[in-house]
Amino acid sequence: ACSSKLVLSQVHPMWQEPLAIPGGDRQSPIDIVVRKSVFDPQLKPLKVQYDPRTCQQIWNNGYSFLVEYDDTTDKSTLKGGPLEDQFRLCQFHFHWGENNTWGSEHSIDRRLYPAELHLVHWNSDKYSLFEEAVIEENGLAVIAVFLKIGKRHEGLQKLVDALPAVRHKDSVVEFTKFDPACLLPENIDDYWTYAGSLTTPPLTEAVTWIVMKRHIEVSHDQLAVFRSLLFTSAEEQLQRSMVNNFRVQQVLKGRTVRSSFT
Ligand SMILES: NS(=O)(=O)c1ccc(S(=O)(=O)NCc2cccs2)s1
Ligand SMILES: [Zn+2]
């Protein structure tokens, strides 16, 4: 699966930022300044086709919890939008805060949300493995969806109920038949897109970001369960709550953010 345990450089947890990424001129996340985004009429509708049968497991990797999909065939795919090629879903995960005031990685005109969903895909037209794609500039496509506190999200509850089983770093639990399309807003035609990077190590500048304009709602209690997870493994003396697992916003460095809507 896409998050095989490649040996990552011994950087500190991402929010004690490595000073600068050598030549980092397309880092993520960013603040999206709506009035500076450029409508691009050539942007196509996104084509999302997810097969719930490819869902395999949930893994606490010490940064977030990842719901991992079988990406050995083109069963769960993303294409269209700003993308030239077909991309395979390999995992989705979230970033969230210690309270409901902040937690998202991207912001819209400086507005932060309590959490942000990332659906991670890699370019299966050009590469044969996630690990190859993750170092290429057109290798990954990540859909970002903001979460707002409101009504309970029925589809999310199956995931919330499984989280206590992956409380500690490096714990894994089988998780199947979950359709990640239920986490997308009804309208996925309105989005911003820009060239960026992974927001955790290895921070590679390989990501075409697709940030949804519409958010989804989850309940206060559902998000509270995210905060019951731990950054630390069961053996560690000092347990640390998994909260504020977002990266600080990065400079735009002249990049253009395009919008699919006016
Ligand atoms: N927040 S985000 O969507 O920008 C992501 C950060 C890391 C992601 S990954 O786990 O898919 N790959 C990172 C790797 C792990 C091992 C080898 S590379 S996706
Ligand atoms: Zn992420």
Side-chain angles (χ1 to χ4, degrees), residues 1-15 17-18 21 24 26-30 32 54-71 76 78 83 87-97 102-107 112-124 127-147 159 166 169-170 172 180 183-184 191-212 216 226 229 231 242-250:
C2 64
S3 41
S4 61
K5 297 188 181 97
L6 286 189
V7 177
L8 294 179
S9 59
Q10 293 306 315
V11 294
H12 301 293
M14 62 182 179
W15 34 97
E17 287 288 300
I21 307 306
R26 52 173 280 192
Q27 288 290 296
S28 294
I30 60 168
I32 294 174
T54 56
C55 189
Q56 290 182 317
Q57 61 189 21
I58 305 177
W59 173 39
N60 178 334
N61 74 345
Y63 288 110
S64 180
F65 62 91
L66 313 182
V67 179
E68 297 184 293
Y69 284 74
D70 167 22
D71 59 358
S76 289
L78 167 66
L83 306 172
F87 289 68
R88 252 180 225 171
L89 175 69
C90 62
Q91 55 103 328
F92 70 82
H93 63 273
F94 299 81
H95 303 263
W96 58 91
W102 62 75
S104 61
E105 297 211 297
H106 291 88
S107 54
L112 292 164
Y113 289 80
E116 184 172 331
L117 159 66
H118 289 159
L119 293 141
V120 183
H121 312 75
W122 56 273
N123 189 329
S124 55
Y127 310 108
S128 45
L129 283 175
F130 169 82
E131 286 75 5
E132 284 171 37
V134 77
I135 53 175
E136 302 292 340
E137 66 175 24
N138 54 6
L140 303 180
V142 182
I143 294 176
V145 182
F146 294 115
L147 276 62
L159 177 51
V166 289
K169 179 180 180 226
D170 294 333
V172 186
L183 298 176
L184 293 172
Y191 58 82
W192 293 277
T193 182
Y194 76 97
S197 74
L198 295 178
T199 65
T200 70
L203 300 171
T204 44
E205 299 184 330
V207 183
T208 298
W209 280 96
I210 299 167
V211 180
M212 288 294 144
I216 60 170
F226 284 25
L229 296 176
F231 283 128
M242 185 179 273
V243 293
N244 300 329
N245 56 353
F246 51 82
R247 188 188 191 193
V248 293
Q249 293 188 342
Q250 305 294 307

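First listed ligand is number 1; within each ligand, the first listed atom is number 1.
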message: Distance under 4.0 Å to a non-hydrogen atom of Gln91: what atoms of ligand 1 satisfy this?
response: 8 (C), 9 (S), 10 (O), 11 (O), 19 (S)

Ligand 1 versus Ser28: contacting region, heavy-atom distance under 4.0 Å: neither

- prompt: Does any non-hydrogen side-chain atom of Leu183 lie less than 4.5 Å from one of Val145?
  reply: no

- request: Kindly write out the residues that satisfy side chain to side chain donor-acceptor pair (under 3.5 Å) with Trp96, not counting sequence neighbours, or none if the list is empty.
  value: none

message: Below 2.8 Å, which protein N, O or S atoms neighbour the Zn ion (ligand 2), ignoring water?
response: His93 NE2, His95 NE2, His118 ND1

- prompt: Is it the side chain, the backbone, both or neither of Tyr63 that has a heavy atom closer than 4.0 Å to ligand 1?
  reply: neither

Any donor-acceptor N/O pair, His121 side chain to Leu119 backbone, under 3.5 Å: yes

Which of the ligand 1 atoms, numbered from 1, are nearer than 4.0 Å to a heavy atom of Val120: 3 (O), 11 (O), 19 (S)

task: Quick one: list whatever passes side chain to side chain donor-acceptor pair (under 3.5 Å) with Thr204, sequence neighbours left out.
output: none

- line: Quick look: Phe94 vs ligand 1, heavy-atom contacts under 4.0 Å, and the answer is neither

message: Going by the rule side chain to side chain donor-acceptor pair (under 3.5 Å), which residues pair with Ser76 if we only count those two or more places apart in sequence or in a different chain?
response: Thr54

Glu105 (side chain) donor-acceptor with Arg247 (main chain) under 3.5 angstrom: yes

